[in-house]
Each structure stands twice: as structure tokens, then as C-alpha cells.
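Notes to accompany the following structure.
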Amino acid sequence: MSRNTAPAAVIAICCATLLGCAAPKPDFINPAGAAPTDWNTALPTIDLQDASRHAWWQSLGSAELDRLVQQALAQNTSIARAETAIRLANSQLKTVKLGWLPSLDLFAGRITGNTTLFFQGLPVPISNVGNFVGILPNYFVNLFQLPYEQRQAMEMVDVARAQMLGVRLAIVGEVVKAYTIAVAAEKELDAFRQLKSHLARQQQLLGDLQSVGMASQVMVNQAAAETLAVDGQMAQARANATAAKNALNTLVKNRLDTQLNLDKTQDLTVSDAVAQQTPVAVLNTRPDILAQRAQVLAATTGVDVQTMLLAPTLDLNALRTNISVQVDGAGNSNNANFTAGYATLVLDPRVFGLIETSELQAYDALLEYVQTVDEALQQAEDSLAQLQSAQQNLNALENQQQLLAQNVRDLRAMQAAQLSSSLEVVQAEIQAVLSRMSVIQAGTEATLAYVTLQEAMGIGVLYGVENIRLKDGQIEMQPHEEIH
């Protein structure tokens with residue numbers, strides 16, 4: 001081996017040895033293999049061509065709700081911030097890519113002094129008065145580390161994209177929930193007004209009966225107490241309606257005093273058949289899982305980034321100068337030019353600590369990913385059971401309401417035949433209104449459970465996002481014309 005090649009060989013051997021000593025990255029765990037083939041709770045399912053772009057809230061049959069969802073997707077501040085985060089991640093990726101370009105130093109100056117001076121980069125001394133200008137192109141790069149830094153930055157862009165999809169899905173859910181609660185609160189207020197009227201009529205009839213000794217003061221007081229309780233419940237219903245409307249206006253970026261067009265006559269009915277996905281499909285479309293998966297890839301690449309600190313760096317530079325000097329009163333002009341290129345290997349023991357830290361961060365990201373998967377599957381399964389329970393409860397209460405409504409009709413007919421008293425009719429009407437309020441509350445719970453299920457299933461995650469598609473649990477960018 002010649003003397004010229006010996007140093008390079010030593011550096012190569014040292015690099016290979018150090019890179020080989022770096023601990024391996026944690027293996028990626030794909031939890032889809034452990035996912036169940038189907039859910040334990042069976043609900044009728046609608047056929048979908050693409051669940052990720054399904055506008056599930058439209059099945060509730062409210063044009064106003066759909067308009068509010070579209071407005072929120074276009075104007076919501078949280079969505080705007082999530083989109084800005086994508087641009088920020090892309091900017092950081094661009095910054096990493098710029099690391100492949102050389103830097104350029106431009107310098108110029110004038111020196112005045114009585115002694116001879118030597119400046120770094122200037123091969124001739126300057127004394128008395130010296131004018132100089134110079135250009136110093138410099139290319140300094142770790143050819144081993146920079147590709148991994150670029151890959152990690154690209155994976156962080158995917159994290160930002162997935163998080164943006166999650167924000168959009170969550171905002172849609174919040175709009176639907178707020179609209180549902182607002183409509184339900186208005187319906188409850190109407191029912192409370194009707195109930196209060198019936199209770200006042202009951203109190204009047206009991207007062208009439210008390211005057212002839214057929215009712216006690218206790219019965220009259222009880223009727224009065226029920227009326228007062230309704231006043232408190234109505235106040236709470238008004239507060240709920242106001243809070244829901246405020247939430248809606250905030251989500252869609254309206255002024256808080258904007259009057260919303262709430263259709264109280266329309267029921268937000270949840271169909272027996274709902275949009276669903278298989279457990280594996282859920283793992284490949286839920287944005288929180290997509291984001292965490294990309295985070296795992298970025299953290300794993302981070303191990304490579306730190307490991308490549310053990311690799312040599314390349315430094316190429318060239319100097320071009322023009323110097324005007326005066327030495328002993330004589331003026332001269334000189335050019336001082338040179339080119340240089342060298343590789344540097346820095347053996348810093350702290351790099352091994354950085355590698356170990358990055359390995360632990362990657363392992364922690366992997367564990368968080370697995371935890372997110374477990375929680376997602378549990379949430380989806382719980383949401384199915386909750387919706388099934390809510391629908392069964394709603395059906396039972398609707399049947400009860402029909403029976404109580406029939407009782408009112410029968411008692412009114414009997415009253416017309418003088419076979420029933422006015423008090424019996426009023427009390428039946430009170431029970432019918434209370435049953436109606438129970439149906440309103442159960443319907444609200446069923447709709448909210450439906451919203452939670454759609455979010456848990458990742459339904460509609462790509463709605464309105466035309467340049468992204470999902471494939472095998474990863475985000476892919478594609479031109480608009482490829483979307484079908």
C-alpha cells in the first residue's frame with residue numbers, strides 16, 4: 001500500500017467499524033396483522049365505493065347542516081392552521097434540500113497600518129494600505145447524512161398531512177354534533193312550553209277540585225312544584241341552545257350573533273344501515289394512525305441521521321482574490337487564488353449518545369403507534385356497540401310515545417262521552433309530552449353516537465381533499481385529474 005492511499009484506507013476502515021458498531025434500528029411492527037377480521041357488534045352496512053371520501057353527514061338529510069359543514073371546511077381556523085403546518089413542513093424540507101448547494105462568501109476591505117499583516121485566506125502580506133476583494137465558493141456536505149435528513153423531512157411532511165386530515169375530520173364531527181345539540185335544544189324548548197301549559201292546566205283543575213273538597217293542598221303544591229321545576233329546565237335548555245349555536249358560529253367563522261337556520265321540524269334520523277369499514281381498513285385510513293405511522297418512519301430515519309455523524313464530511317472550496325497592496329511605498333496588485341478539497345472525519349464520543357437517544361425515540365414512537373392502533377380499534381368497537389344500544393333505546397321510546405299518544409286520543413274520546421275527566425286527559429297529555437322529550441334526547445344520543453362511529457371508522461377522511469390518496473396506510477400525492 002502506497003503512502004498516498006494509506007490515510008484514505010484508514011479512514012474507510014474507521015468509518016466502517018464505527019458504523020457497524022451502531023446499534024440496529026427497531027423493527028417496524030405492523031399491527032394490521034393482529035387486527036380482528038371483523039367487529040364483534042354487527043350493524044347493517046351501506047355499500048361504499050370509497051369510504052374515505054363519503055360525505056356521511058349528508059345521510060342525516062339536512063341541507064343546512066351540509067352547508068355549515070362546507071363552510072367550516074373552507075373557513076375554520078384550526079383547519080387553516082393545519083394547512084399552514086403542511087406548508088411549514090414543506091419549507092423545512094426545502095431547507096434540507098438546499099443543503100446540497102454550495103455556499104458563496106464575498107468579501108472586500110481596506111487595511112491601513114504601519115506593520116505587515118497576514119490574513120487568513122490571503123497568501124500575501126499586507127502593510128500600510130491594502131485594498132482587497134475576494135470570492136470564496138465553499139461546498140461542505142455530509143454525503144452520507146444529508147439523504148437521510150431529506151427523507152426524514154419528507155416523512156415529517158406526511159405527518160403534517162395526516163394531522164391536517166385528522167383536524168378536518170374532527171371539525172366535521174364537531175359541526176354535526178353542535179348542530180344536532182342546537183336543534184335538539186330548540187325542540188326541547190318547544191316541548192317544555194307545551195309541558196308547562198299542561199302543568200298549569202293540571203294545577204288549575206286540582207285547585208278547582210280542592211275548592212269542592214276533592215283534592216288536597218298537597219296535590220296542588222305538587223303540581224306547582226312541577227311547574228317551577230320546568231322553569232329551571234327551560235333555562236338550562238336555553239343555555240344549551242346558546243352554547244351549541246355559539247360553537248357552530250365559531251366553527252364556521254360566523255359572528256356569534258349570526259342567526260342560524262335551524263329546522264326544528266326535521267328529525268336528524270340515523271339510518272339502520274351505516275357506513276363502516278373493516279378493522280384493517282380502519283387502520284389504513286384513520287388520520288391519527290396515519291400520522292403516528294409517519295412519525296415512526298421519521299423517528300426511525302432519525303437513527304440513520306445520527307449514525308451518519310460517524311461518516312466523513314466533504315469540503316470543497318476555491319479562493320479568487322484581487323489585492324492591491326503598498327509595501328515600502330510601492331503599489332502592487334496581486335491575485336491570490338487556490339482550490340482545495342478534503343474529507344473530514346470527526347470522532348466525537350457524544351455521537352454514540354445521540355444514536356442511543358434516537359433509537360429510544362424511535363422505539364417510543366413505535367410503542368405510541370401500537371397504542372394508537374389499540375385505542376382506535378377499541379374506539380371503533382365501542383362506537384358500534386354504543387350506536388346499536390342508542391338505536392334500540394330510541395326504538396323503545398318511540399314505541400312508548402306511540403302508546404302514550406294513543407292514550408291521549410282514547411281519553412279525549414272518553415271525555416267527550418263523559419267517561420273520563422279533564423284531569424285524566426291533562427295528566428295523559430303530560431305523560432305524552434314527557435315521552436316526547438325522552439325521544440328527543442334519545443334521538444340526540446343516537447345521532448351523536450353515529451357521529452362518533454363515523455369518526456372512529458375514518459369515514460370521509462379525504463372528503464374535499466383532491467390531491468391526496470391513501471394506500472396501505474400511507475399518504476400519496478396525486479394530480480387532481482387522477483381522482484375519480
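Under a 4.0 Å N-O distance rule, the pair Glu64/Arg67 qualifies as a salt bridge. Taking 4.0 Å as the cut-off between side-chain N and carboxylate O, Glu429 and Arg201 do not count as a salt-bridged pair. A salt bridge links Asp231 and Lys196; the closest N-O separation between the charged side-chain nitrogens and carboxylate oxygens is under 4.0 Å.
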Going through the checks in order, is the side chain to side chain contact (heavy atoms under 4.5 Å, CB included) test met by Ser358 and Val305?
CA-CA 9 Å; Ser358 64; Val305 172; over 6 Å; no
Side chain to side chain contact (heavy atoms under 4.5 Å, CB included) between Asn254 and Gln71: does it pass, once the steps are laid out?
CA-CA 10 Å; Asn254 284 338; Gln71 185 175 344; 2.9 Å; yes
Please assess Ser216 against Gln210 for the test side chain to side chain donor-acceptor pair (under 3.5 Å), listing each intermediate value before the final yes or no.
CA-CA 6 Å; Ser216 66; Gln210 182 191 25; over 6 Å; no
Criterion side chain to side chain donor-acceptor pair (under 3.5 Å) on Ser422 and Gln415, from CA distance to verdict:
CA-CA 7 Å; Ser422 298; Gln415 182 187 25; 2.8 Å; yes
Determine, stepwise, if the pair Gln454 / Trp57 fulfils side chain to side chain donor-acceptor pair (under 3.5 Å).
CA-CA 9 Å; Gln454 301 305 283; Trp57 59 90; over 6 Å; no
Can you list the steps and then say if Asp190 with Lys187 is a salt bridge (Lys or Arg N to Asp or Glu O under 4.0 Å)?
CA-CA 5 Å; Asp190 290 342; Lys187 290 182 177 180; over 6 Å; no
Trace of the side chain to side chain donor-acceptor pair (under 3.5 Å) decision for Gln406 with Arg409:
CA-CA 5 Å; Gln406 184 62 47; Arg409 290 190 293 269; 2.7 Å; yes
Stepwise side chain to side chain contact (heavy atoms under 4.5 Å, CB included) check, Leu290 with Leu470
CA-CA 9 Å; Leu290 298 177; Leu470 305 179; 3.6 Å; yes
CA sep, side-chain torsions, deciding dist, call: Arg168, Glu83, side chain to side chain contact (heavy atoms under 4.5 Å, CB included)
CA-CA 10 Å; Arg168 289 174 62 91; Glu83 292 170 347; 4.2 Å; yes
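Between Leu169 and Gly458 the shortest heavy-atom distance is CD2-CA, 4.2 Å. Shown here for Ala35 and Leu283, the closest heavy-atom pair between the two residues is CB-CD1, 3.8 Å. In terms of heavy-atom proximity, Val274 sits nearest to Leu43 at CG2-CD1, 4.4 Å. The two atoms that bring Trp39 and Leu377 nearest to each other are CZ3-O, 3.7 Å, heavy atoms only. Closest approach of Ala294 to Asp158, counting heavy atoms only: CB-CB, 3.9 Å. Residues Met234 and Leu189 come closest through the heavy atom pair O-CD2, 3.6 Å.
Between the side chain of Gln292 and the main chain of Thr372, no donor-acceptor pair closer than 3.5 Å is present. Asn399 places a side-chain N or O within 3.5 Å of a backbone atom of Asn395 that can act as its donor or acceptor partner. Without hydrogens or angle criteria, Gln401 side chain to Ala432 main chain gives no donor-acceptor distance under 3.5 Å. The closest donor-acceptor contact from the side chain of Gln277 to the backbone of Met457 lies under 3.5 Å. A donor-acceptor pair under 3.5 Å is formed between the side chain of Thr227 and the backbone N or O of Ala223. Side-chain atoms of Thr301 come within 3.5 Å of backbone N or O of Leu297 as a donor-acceptor pair. Between the side chain of Arg53 and the main chain of Leu462, a donor-acceptor pair closer than 3.5 Å is present.
Between Glu455 and Lys177 the shortest side-chain heavy-atom distance falls below 4.5 Å. Residues Arg286 and Val461 are not in side-chain contact: their nearest non-hydrogen atoms beyond the backbone lie 4.5 Å or more apart. Counting only heavy atoms from C-beta outward, the side chains of Gln379 and Glu375 never approach each other to under 4.5 Å. Taking 4.5 Å as the limit, every side-chain heavy atom of Phe144 sits out of range of all side-chain heavy atoms of Asp304. Between Leu262 and Tyr179 there is a side-chain heavy-atom pair separated by less than 4.5 Å. In this structure, the side chains of Leu260 and Leu248 come closer than 4.5 Å at one or more pairs of heavy atoms. Counting only heavy atoms from C-beta outward, the side chains of Gln306 and Leu309 approach each other to under 4.5 Å. Val69 places none of its side-chain heavy atoms less than 4.5 Å from the side chain of Val252.
Atom-to-atom distance recorded for Gln388:CD and Gln392:CD is 5.0 Å, nearest 0.5 angstrom. With values rounded to the nearest 0.5 angstrom, Gln233 atom CD is found 9.5 Å from Glu188 atom CD. One finds the OG atom of Ser438 at 12.0 Å from the CD atom of Glu398 (value rounded to the nearest 0.5 Å). With rounding to the nearest 0.5 angstrom, the CD atom of Gln400 is 8.5 Å from the CD atom of Gln431. Annotation: the span from Thr258 atom OG1 to Asn249 atom CG amounts to 5.0 Å, rounded to 0.5 Å. With rounding to the nearest 0.5 Å, the separation of CD in Gln70 from CG in Leu65 is 9.5 Å.
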Distance-only check: which donor-acceptor pairs under 3.5 Å involve side-chain atoms of residues 88-99, not counting sequence neighbours?
residue, atom, partner, partner atom, Å
Asn90, ND2, Ile86, O, 3.2
Thr95, OG1, Ser91, O, 2.9

Hey, can you pull the donor-acceptor pairs under 3.5 Å for the side chains in residues 235-247, sequence neighbours left out?
residue, atom, partner, partner atom, Å
Gln236, NE2, Asn240, OD1, 3.1
Asn240, ND2, Gln236, O, 3.4
Thr242, OG1, Arg238, O, 3.0
Lys245, NZ, Glu186, OE2, 2.7
Asn246, ND2, Thr242, O, 3.3

Which donor-acceptor pairs under 3.5 Å do the side chains of residues 442-452 make with protein atoms, sequence neighbours left out?
residue, atom, partner, partner atom, Å
Thr444, OG1, Ile440, O, 2.9
Thr447, OG1, Leu268, O, 3.2
Thr447, OG1, Gly443, O, 3.0
Tyr450, OH, Trp56, O, 2.8
Tyr450, OH, Ser59, OG, 2.7
Thr452, OG1, Leu448, O, 3.0

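Arg81 and Ser78 form no side-chain donor-acceptor contact under 3.5 Å, judged by distance and modelled atom types alone.
Within 6.0 Å of CD in Glu356 there are 12 or fewer heavy atoms belonging to other residues, nucleotides or ligands. Counting heavy-atom neighbours within 6.0 Å of Gln418 CD, excluding the residue itself, gives a total of 12 or less.
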